[in-house]
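As C-alpha cells, the structure follows; a few thoughts come after it.
Note that ligands are numbered from 1 as they come in the structure, with each ligand's atoms numbered from 1 the same way. This is a predicted model, so every value here is computed, not measured.
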Amino acid sequence: AGAVAVLNKEKNFKDYQQVYNAIAEKVRDQDDADDGAGRYGLLTRLAWHSSGTYDKNTNTGGSYNGSMIYSPESTDGENAGLEVARDFLVEFHYLFPWLSRGDLWTLGGVVAVQECGGPKIPWRPGRKDLEDRKKVPENGNLPDASRDADYVRKVFTRLGFDERETVALIGAHCLGKCHTDRSGYDGPWGPSFNMFTNDFYVRLLQNWHVRKWDGKKQYEDDETSSFMMLPTDYALKEDSKFLKYVKMYAEDQDLFFKDFSKAFSALLEKGIEYPKDVKPFEFKTLDEQED
Ligand code: HEM
Ligand SMILES: Nc1cccc2nccn12
C-alpha cells in the first residue's frame, strides 16, 4: 500500500488552527526579513519541495515522510536554502510534538499563502515521520530552472498534473525571491513579492530581455530592470499551450486563485492515501480571527 494517512483521534480542527496561528504570528513578526519578502515565499517553497519529489509512476516521494532532513534530499542543490525554512518551523515541532514534520512543513505552506492574501488551501494532517532511511527519494525529481517548456511539462506530468495545473502552480512565483547563494539566480528586487496575486502572469506578458550579468541565464523586465524571470518561467510564455493559461490567469485573478488552491492542496497530498470520510480543514487567517 502507499503512504496511508494516520489520523490522531485526540486532535481536532481547533488544535490545528492553534498551530496555524502560532506559525502565522511568527511569520508576521518577520515581515521585514529577506529584503522585505518576509517568509511567505520561503515557506511556500518548503511545502512545494517536500511534496515535489513525488513520482506517480512508482508512487514514491512526496510530503508524507518529512524526509528532507535526510541525505541525499537534504543536500539536493534544488533544496539549497530550505534549511532556513525548516529551522524557522522547528520550534513548532517541539511546541506541538504530536505534529509530524510532513504535516508541519505542508501546513507552513498553507499559512504562507493564506497570510499574504492568497486563497484558502484545504489541508489534511496524517503524514508520518520517516523511520526507514531507505525511503528517502533519490535527487533529480525537483525541477532545474535552466530548462525549456517540454522539460517543465515532463516534470509536472510525472507529478500527475496537466498543463493548466502546471501553469497555476508556478504562479506561486509571485512570492519571495531568488538568492544567488542558494539557487544562483538573483532577484526580483521589485515590490509585491510578499503578496499572493496573479502578478507573475501579468508581468510575464510584458517585455523581457536576457540579463547581462556574470550569473546564470535569467530574464529582466525591459521597463524597470527590477523584476526577473527564470528560464522555466519564460518558457511558459514561449510555449503556445502554456501561454493560453498564462493569459487566462493574467486576466482573471479569481480563476487563478481557484485553480491554485485546488492544485496546491493536491500537491501537498501527492502519494498519500486518505480514508474517504476525512474532510480537509480550511483554516481562518489571523485577520479573520481578530475579535
Ligand atoms: C518548473 C518548476 C519550477 C522551477 C524550475 C522553480 C525554480 C525556483 C528557483 C530556482 C527559485 C529560487 C530559489 C532561491 O534562490 O531561493 C524558486 C523560488 C521559489 N519557488 Fe519555484 N520553481 C518551480 C516551481 C514552483 C512551484 C510549483 C512553486 C509552488 C507552488 C514554487 C514556489 C517558489 C517560491 C514561493 C519561491 C520563492 C522562495 C523564497 O522566497 O525563498 N516554485 N523557484
Ligand atoms: N519571486 C520569484 C521567485 C522565483 C522565481 C520567480 N520568477 C519570477 C519571480 N520569481
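For the pair Q18 and F96, the minimum side-chain heavy-atom distance is below 4.5 Å. Residues Y219 and V210 are in side-chain contact: their nearest non-hydrogen atoms beyond the backbone lie under 4.5 Å apart. Residues P280 and Y274 have side chains not in contact (no heavy-atom distance under 4.5 Å, counting atoms from C-beta outward).
For ligand 1, the atoms closer than 4.0 angstrom to any heavy atom of L175 are 37 (C). Close approach of ligand 2 to M229 is summarised as follows: ligand atoms under 4.0 Å from at least one heavy atom of the residue are 8 (C). For ligand 1 and G176, the ligand atoms under 4.0 Å from any heavy atom of the residue are 40 (O). Ligand 1 places these atoms under 4.0 Å from at least one heavy atom of G41: 34 (C), 35 (C), 38 (C), 39 (C), 40 (O). Near P188, meaning under 4.0 Å from any of its heavy atoms, are these atoms of ligand 2: 1 (N), 2 (C). Taking a cut-off of under 4.0 Å to the non-hydrogen atoms of R182, the atoms of ligand 1 that pass are 15 (O), 16 (O), 41 (O). Applying the 4.0 Å criterion to heavy atoms of L230 picks out, from ligand 2, the atoms 5 (C).
Atom 8 (C) of ligand 2 has M228 O, 3.0 Å as its closest protein atom, hydrogens excluded (heavy atom only). Given atom 10 (N) of ligand 2, the protein heavy atom at minimum distance is H173 O, 3.2 Å. The protein non-hydrogen atom at the shortest distance from atom 7 (N) of ligand 2 is D233 OD2, 2.7 Å.
Residues satisfying the salt bridge (Lys or Arg N to Asp or Glu O under 4.0 Å) test with D76, not counting sequence neighbours, are none. Considering only residues two or more places apart in sequence or on other chains, W123 meets the ring pair (Phe, Tyr, Trp, His ring centres under 6.0 Å) condition with Y16, F283.
Distances from ligand 2 to the non-hydrogen atoms of L175 include at least one value under 4.0 Å. Assignment of F156 to the shell around ligand 1 is supported, since a heavy atom sits closer than 4.0 Å.
With values rounded to the nearest 0.5 angstrom, N194 atom CG is found 12.5 Å from K177 atom NZ.
Here atom 1 (N) of ligand 2 lies nearest to G176 when heavy atoms of G176, A37, G41 are compared. The closest heavy-atom contact to atom 16 (O) of ligand 1, among the options H179, Q218, M228, K216, comes from H179.
Proximity of T232 to ligand 1, defined as any heavy-atom pair under 4.0 Å, is confined to the side chain (atoms from C-beta onward). Using a 4.0 Å cut-off between heavy atoms, F193 makes no contact with ligand 1 at all.
Using cut-offs of 30° and 60° for the angle between ring planes, the F196 and F260 rings count as tilted. Ring pair Y249/Y201 is tilted by interplanar angle, where 30° to 60° counts as tilted.
With waters neither drawn nor counted, the protein N/O/S atoms under 2.8 Å from atom 21 (Fe) of ligand 1 amount to 1.
Annotation: salt bridge (Lys or Arg N to Asp or Glu O under 4.0 Å) contacts involving residues 229-243, sequence neighbours excluded, comprise R153-D239.
Any N or O atom pair closer than 3.5 Å counts here, and K177 shares at least one such pair with ligand 1. Residue contacts with ligand 1: S183 is placed with a nitrogen or oxygen under 3.5 Å of a nitrogen or oxygen of the ligand (distance criterion only).
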